[in-house]
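Predicted model only: the values in this text are computed from it and were never measured.
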Amino acid sequence: MSLIAVDGVDTAYGAVNVNRDVSLSVGEGEVATILGPNGAGKTTLLRAICGALRPTRGRILVDGRDMTGQPPDRLAAAGIVMVPEGRRIFADLTVEENLRLGAYVRRDQSAVAADIERMQAYFRILAEKRGAKGGTLSGGQQQMLAIARGLMARPRLLLLDEPSLGLSPLMVKEVQAVIADVRRNFGAAVLLVEQNASLAFAVAQRGYLMQSGRIVAADTIEALRHSRLMRELYLGEGQGAAPAP
């Protein structure tokens with residue numbers, strides 16, 4: 001049984017349909033990625049999975065249990081946690097306060113305190129900036145804080161939306177290393193939406209290619225990387241773009 005299964009999901013904003021009959025799954029400890037051009041509906045799908053948007057049709061199953069339409073706090077309690085695009089940390093709160101807010105669904109305060117120490121041991125820059133306000137951090141440091149805040153909920157599945165957006169090449173490599181470590185160090189699976197194909201190829205085991213709100217290809221990451229659809233729809237081969245990396 002999959003950790004999470006998206007079964008025939010449609011989404012919409014008012015009268016505007018976004019996702020159409022989307023089905024995918026992520027297993028325990030797996031890193032999967034959703035690739036596709038801007039406007040394909042990737043972020044909207046993540047919002048439906050984490051409970052921020054109710055599907056107009058279909059089901060979201062966690063361990064085979066129907067969680068469709070449940071609010072984000074219920075999904076977070078079930079282990080489904082999203083780190084949104086743009087980081088969205090609390091700029092006026094300290095690094096430590098941001099981390100503590102990531103554990104808002106937990107009641108075991110001694111374990112929360114231990115996990116704060118654990119995050120600061122793993123994300124060394126957060127230990128150095130422990131008392132600094134989130135708004136004073138660099139973009140890369142804010143992204144690390146956003147991921148660490150998501151991990152504070154002890155997720156079983158971490159949804160990452162464009163974590164490399166706006167980061168320097170050096171920071172992208174650091175984010176890549178963190179994503180690759182999530183399963184080993186924090187016991188979580190990852191569903192990654194990412195425009196940086198090289199990052200996605202480096203960390204994922206399985207991939208889904210989305211176009212115009214639909215999944216048009218699903219395979220192992222290596223098979224998807226070399227597929228004709230991937231080159232045509234996402235990487236733009238044949239239209240003057242560089243070949244797949």
Side-chain angles (χ1 to χ4, degrees), residues 31-40 42-43 46-47 81-99 101-102 116 118-152 155 158-186 188-205 207 209-210 221-222 224-225 230-231 233-237 239-245:
V31 180
T33 186
I34 306 172
L35 298 163
N38 286 330
K42 305 183 297 296
T43 293
L46 290 192
R47 296 189 70 236
V81 175
M82 182 168 173
V83 178
E85 179 184 343
R87 299 177 276 278
R88 300 186 193 176
I89 63 164
F90 295 95
D92 292 332
L93 299 183
T94 67
V95 165
E96 184 169 348
E97 289 167 338
N98 269 275
L99 291 174
L101 282 174
I116 289 175
R118 184 184 182 196
M119 294 304 160
Q120 292 176 339
Y122 180 79
F123 298 90
R124 300 302 296 272
I125 189 61
L126 301 187
E128 296 173 16
K129 301 282 187 176
R130 184 172 190 152
K133 290 189 175 182
T136 67
L137 304 183
S138 69
Q141 292 166 354
Q142 288 185 11
Q143 186 62 71
M144 295 300 183
L145 176 57
I147 294 173
R149 185 181 62 187
L151 291 169
M152 281 296 299
L158 191 65
L159 308 174
L160 294 178
D161 191 10
E162 302 283 7
S164 75
L165 186 67
L167 301 185
S168 69
L170 180 60
M171 285 307 306
V172 169
K173 286 191 175 297
E174 291 195 28
V175 168
Q176 177 178 312
V178 168
I179 296 170
D181 270 357
V182 164
R183 176 177 60 177
R184 181 172 64 251
N185 289 332
F186 301 100
V190 176
L191 181 57
L192 169 69
V193 162
E194 181 54 68
Q195 282 293 314
N196 185 327
S198 294
L199 188 158
F201 292 144
V203 299
Q205 289 91 51
L209 181 58
M210 182 174 281
I221 197 65
E222 279 304 309
L224 191 66
R225 174 178 185 166
M230 183 70 190
R231 292 194 293 267
L233 299 181
Y234 186 70
L235 298 171
E237 276 194 22
Q239 302 175 20

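Here CZ of Arg88 is found 13.0 Å from CD of Gln142. Values are rounded to the nearest 0.5 Å. To the nearest 0.5 angstrom, Ser164 atom OG is 12.0 Å from Lys173 atom NZ. Distance CG/Leu199 to CD/Glu162: 10.0 Å, rounded to 0.5 Å. The line from CD of Gln141 to CE of Met144 is 9.5 Å long, rounded to the nearest 0.5 Å. Interatomic distance, CZ of Arg149 versus CD1 of Ile147, reported as 11.0 Å (0.5 Å rounding). The CD atom of Gln195 sits 10.0 Å away from atom CG of Asp161, with the distance rounded to the nearest 0.5 Å.
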Checking Gln143 against Met171 for the side-chain contact (heavy atoms from CB on, under 4.5 Å) test, could you report, in this order, the C-alpha distance in whole Å, the side-chain angles of both residues, the deciding distance, and whether it holds? CA-CA 9 Å; Gln143 186 62 71; Met171 285 307 306; over 6 Å; no
Please step through side-chain contact (heavy atoms from CB on, under 4.5 Å) for the pair Gln205 and Ile221, ending with a clear verdict. CA-CA 5 Å; Gln205 289 91 51; Ile221 197 65; 5.7 Å; no
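The side-chain heavy atoms of Val190 and Thr33, taken from C-beta on, include no pair separated by under 4.5 Å. Put simply, the side chain of Val95 does not reach to within 4.5 Å of the side chain of Phe123, judged on heavy atoms.
Listed for the Asn98 side chain is a donor-acceptor partner under 3.5 Å among the backbone atoms of Leu93. For Lys42 (side chain) and Gly36 (main-chain N/O), a donor-acceptor pair under 3.5 Å exists by modelled atom type.
Aromatic ring pairs are classed by plane angle as parallel below 30°, tilted from 30° to 60° and perpendicular above 60°; the pair Phe186 and Tyr122 is perpendicular.
Contact between Gly135 and Ile89 at its shortest, heavy atoms only, is N-CD1, 4.4 Å. The shortest heavy-atom contact between Leu99 and Met152 is O-CG, 3.4 Å. The heavy-atom pair separating Ala188 from Pro155 by the smallest distance is CB-O, 3.4 Å. Closest non-hydrogen pair, Leu126 versus Ala148, comes out as CD1-CB, 3.7 Å. Between Leu159 and Leu46, the shortest heavy-atom contact is CD1-O, 3.8 Å. Between Val175 and Pro163, the closest heavy-atom pair is CG1-CB, 3.9 Å.
Test Ile179, Val178, Val203 against Leu160 for side chain to side chain contact (heavy atoms under 4.5 Å, CB included) and you get one pass: Ile179.
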